[in-house]
Amino acid sequence: MQYASKVIEKKWQNFWKENESFEVKEDYKLPKKYILSMFPYPSGRIHMGHVRNYCIGDAFARHFRKNGFNVLHPIGWDSFGMPAENAAIQNKLHPKKWTYENIAYMKEELRSLGLSFCEKQEFATSDELYTKFEQEIFIKMYEAGIVYQKSANLNWCNDCATVLANEQVEDGCCWRCSNEVVQKEMPGYYIAITKYAQKLLDDLKTLESSWPSQVLTMQENWIGRSEGLEFKFEVTKETRAKLDKMFSSFEVFTTRPDTIYGVTYVAIAPEHDIVKYIVDNELLPKNKLNAIKNIQKIAEKDRANLEKEGVDLEIEVIHPLTGQKLPVWTANFVLKSYGGGAVMSVPAHDQRDFEFAQNYDLPIKQVIVQNKDEAISSRLKEAFTEDGILVDCEGFSGLTTSQAKEAIIYHFEQNSIGTKKVNFKIRDWGVSRQRYWGAPIPFVHCDSCGLVPEKIENLPIALPDDVEITGEGNPLEKHPTWKNCACPKCGKDARRESDTLDTFVQSSWYFLRYATNFKKWNNEAINLEDSNYWMDVDQYIGGIEHAILHLLYARFFTKVLKDLGYTNSSEPFKNLLTQGMVLKDGAKMSKSKGNVVDPDLIIQKYGADTARLFILFAAPPTKELEWNDSAVEGAYKFIKRFYERASNITPNGLKSFRNIDQKALNKEEKEARKKVYEALVKSNEVLTKTYAFNTLIASCMEALNSLQVQKNEAIWAEAYYILTNILEPIIPHTAWELANEFFALENFEKTIEIKNEVFEQDIILLAVTINGKKRAEIEVSKDASNEEILELAKKSSEKWLENATIIKEIVVPNKLVNIVIKG
Ligand code: ANZ
Ligand code: ZN
């Protein structure tokens, strides 16, 4: 038998396609598994990261299919987005043509890996049918008050002429073109993820044992819940007059109400309404106004690491407990959009406040100490930020930080001057993009009716094909006629919204679309019955780079879609595996580094099974994987050996392997058989618990090695019966070829029974006790007779038996030998 990977792989890929081997069964009484690798962006060619992602997913899918589950293992394309438009700009290719040609090409590449996708459930998110239902969902969310429009300062890239999400801004520059990002006030559409902040946080608990803890922590921090006190500072009479009676108070939020007696000044954001008013009305000297304007120019998120800077606004507020007058400053570290955009500054106990106070020589007052007897140090070198005991705090002195937090909040609430408050860092999700290649936001601007959602029956609002894409502005905005429409409400001439949706919207519900049988795709976004059966995703596999945004948005959408009646699922991904990166020479494989290994070349040279085996063998899936040419070669050699050794399978062996008499086997035979069954046990363990495919493959290699010296035909046949089965998820082509040749393809339809007799020890250990005291241990053969055992036992304990008379000898099978003596 000569291993010819090309022939074998083509043969089985054609077989699977013709027989639709991996389509789902429409029998919802069967146990199910929904296995999903994050869908790809159709960039043009697949890379090793894809190969890793899909080989891991495929191993799960094939394993569960083999064990009797109805498996949904879909593939599709996250096909809207900027690269398509950039190709249009650079190479004059239409984004649609570019995208769908890439999809066709990459689909063939994936097929050449032998991945077991159910192809009937395939779609691309740029398909008009997908857009149609995404628009429907967006309108339903608008009607439920979860989508709204507002104006805000946004990150704007002049080069790309588009708004960027915060995450698309890297060091103040556009993630795509590296041009400087500026702030621009623009209207946009938002999805109120903040309404679900608490739920998104709470439900992380349900994922504790099945998601990587690192991902849970990242999500928790991103949601950023904090609990504290919200209250208002009243401005002084003089300040009220100075501000033309426009402001009498403003709100602050603190997580440390216990430090309130240490407040020595108040700091407000450069974008705070009071600062705006002071600047607009020139209520400060020129140099100060200019200083404020300079701070305002820098984007909020870029201020984080700057030297603490600010301006004295020459106004005052009243301390709510002491009545003391406090100066108000504007400071670059106060954020406009968090907790009222103002801070009670406690320089003794907050490091930012401390640095600011030092820069401007503001008073520092310590009110928390580590222990009671400690003298207050006259000069702190840095803020004391730990918990401690209150000093110099009127009636609250002597309380601990946590007692004081509670007592002070209680005091504020009793006197109706403040309330306990929970704050979240997470912001609502701005989804407007001024781009062509996206899902049009299905709204209409009417001069009489204002903003009106399109009628559901008019969906999809499709993209026009005849566009000119130059890279400047929004092609939809510039299109001569596309925008013209009738108002869905009053029928008058109106204009379509030309913004399109962020591509993260598409990836936030695609897994629910997959969970709907394709025959129903024309009629509804998500079929409830189908989704009840298939959801949640049993195993989700993808890169750690999606730890926050995609996973959070997908969790959020699932919850919203549940509330809107589309699904009953509330957490989409039951188990999450974040795969490690593929490296070459220690660096991430990437085009820009010029260290890419093309999967196609590996497949051509060695075959898909080699690529798959190498990828799963070289490292556990969550760890980084270092590319290694000689290990690829090694993977090939193993498969070749596995294939060619199958020539040891004989008709005799095939006839007798199902009835092997374990007792009749010699030591080597038992050893070889045990190794094979160990690999079988490992297979279940790896695919349901540890995910350590590398150990499963190692086990199979060991088993093959231990067969080497075998003459027993039944053992050879049985070994191949089992090994083809457990290697099928990893090297499917070779496995199907061998199974088809020697067994039957049904070999892949049922669980192979584990025979425990194989693991039974030949040698057992017995304790020898004399008058109940343990004196020795002996090793005896499993089927040794009592006489043999007693003889050994006596020998092992000679010195205790020397001058004694044996009264009784008892053998407790598999446990011990007890000898009772006298003398
Ligand atoms: C006084 C204080 C004393 C504070 C102290 C901290 C320590 P987290 O935990 O992230 O929610 N803060 C409030 N609003 C702010 C804003 N808009 N911009 C910048 N900082 C703001 O942070 C809450 C704390 O951050 C609040 O508690 C406030 O400072 C500050 F020893 O109040 B704290
Ligand atoms: Zn109208």
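In each ligand, atom 1 is the first atom listed, and ligand 1 is the first ligand listed. Source: prediction; values computed, not measured.
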In a simple table, one pair per line, please give the protein and ligand 1 atom names for every N or O pair closer than 3.5 Å, along with the distance.
{"unit_1": "ligand 1", "atom_1": "10 (O)", "unit_2": "Lys425", "atom_2": "NZ", "d": "2.6"}
{"unit_1": "ligand 1", "atom_1": "11 (O)", "unit_2": "Ser226", "atom_2": "OG", "d": "2.4"}
{"unit_1": "ligand 1", "atom_1": "11 (O)", "unit_2": "Tyr338", "atom_2": "OH", "d": "2.4"}
{"unit_1": "ligand 1", "atom_1": "17 (N)", "unit_2": "Leu335", "atom_2": "O", "d": "2.8"}
{"unit_1": "ligand 1", "atom_1": "17 (N)", "unit_2": "Tyr338", "atom_2": "O", "d": "2.7"}
{"unit_1": "ligand 1", "atom_1": "18 (N)", "unit_2": "Leu335", "atom_2": "N", "d": "2.8"}
{"unit_1": "ligand 1", "atom_1": "25 (O)", "unit_2": "Arg352", "atom_2": "NH2", "d": "3.4"}
{"unit_1": "ligand 1", "atom_1": "27 (O)", "unit_2": "Thr254", "atom_2": "OG1", "d": "3.4"}
{"unit_1": "ligand 1", "atom_1": "27 (O)", "unit_2": "Thr255", "atom_2": "N", "d": "3.0"}
{"unit_1": "ligand 1", "atom_1": "27 (O)", "unit_2": "Thr255", "atom_2": "OG1", "d": "3.3"}
{"unit_1": "ligand 1", "atom_1": "32 (O)", "unit_2": "Thr254", "atom_2": "OG1", "d": "2.7"}

Which donor-acceptor pairs under 3.5 Å do the side chains of residues 317-324 make with protein atoms, sequence neighbours left out?
{"unit_1": "His319", "atom_1": "ND1", "unit_2": "Leu321", "atom_2": "N", "d": "3.0"}
{"unit_1": "His319", "atom_1": "ND1", "unit_2": "Thr322", "atom_2": "N", "d": "3.2"}
{"unit_1": "His319", "atom_1": "ND1", "unit_2": "Thr322", "atom_2": "OG1", "d": "3.4"}
{"unit_1": "His319", "atom_1": "NE2", "unit_2": "Ile260", "atom_2": "O", "d": "2.7"}
{"unit_1": "Thr322", "atom_1": "OG1", "unit_2": "Gln324", "atom_2": "N", "d": "3.2"}

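- Residue Phe556 is tested with Trp509, Tyr196, Trp222 for a ring-ring contact (aromatic ring centres under 6.0 Å, His included); the sole match is Tyr196.
- Applying the side-chain hydrogen bond (donor to acceptor under 3.5 Å, both in side chains) rule to Trp329 yields no partners; only residues at least two apart in sequence or on another chain are considered.
- Counting heavy atoms from C-beta outward, Thr419 and Phe412 have side chains that stay 4.5 Å or more apart.
- Ring to ring, Tyr360 and Phe356 are close: their centroids are under 6.0 angstrom apart.
- When the ring pair (Phe, Tyr, Trp, His ring centres under 6.0 Å) test is applied to Tyr277, the partners found at least two apart in sequence or on another chain are Phe247.
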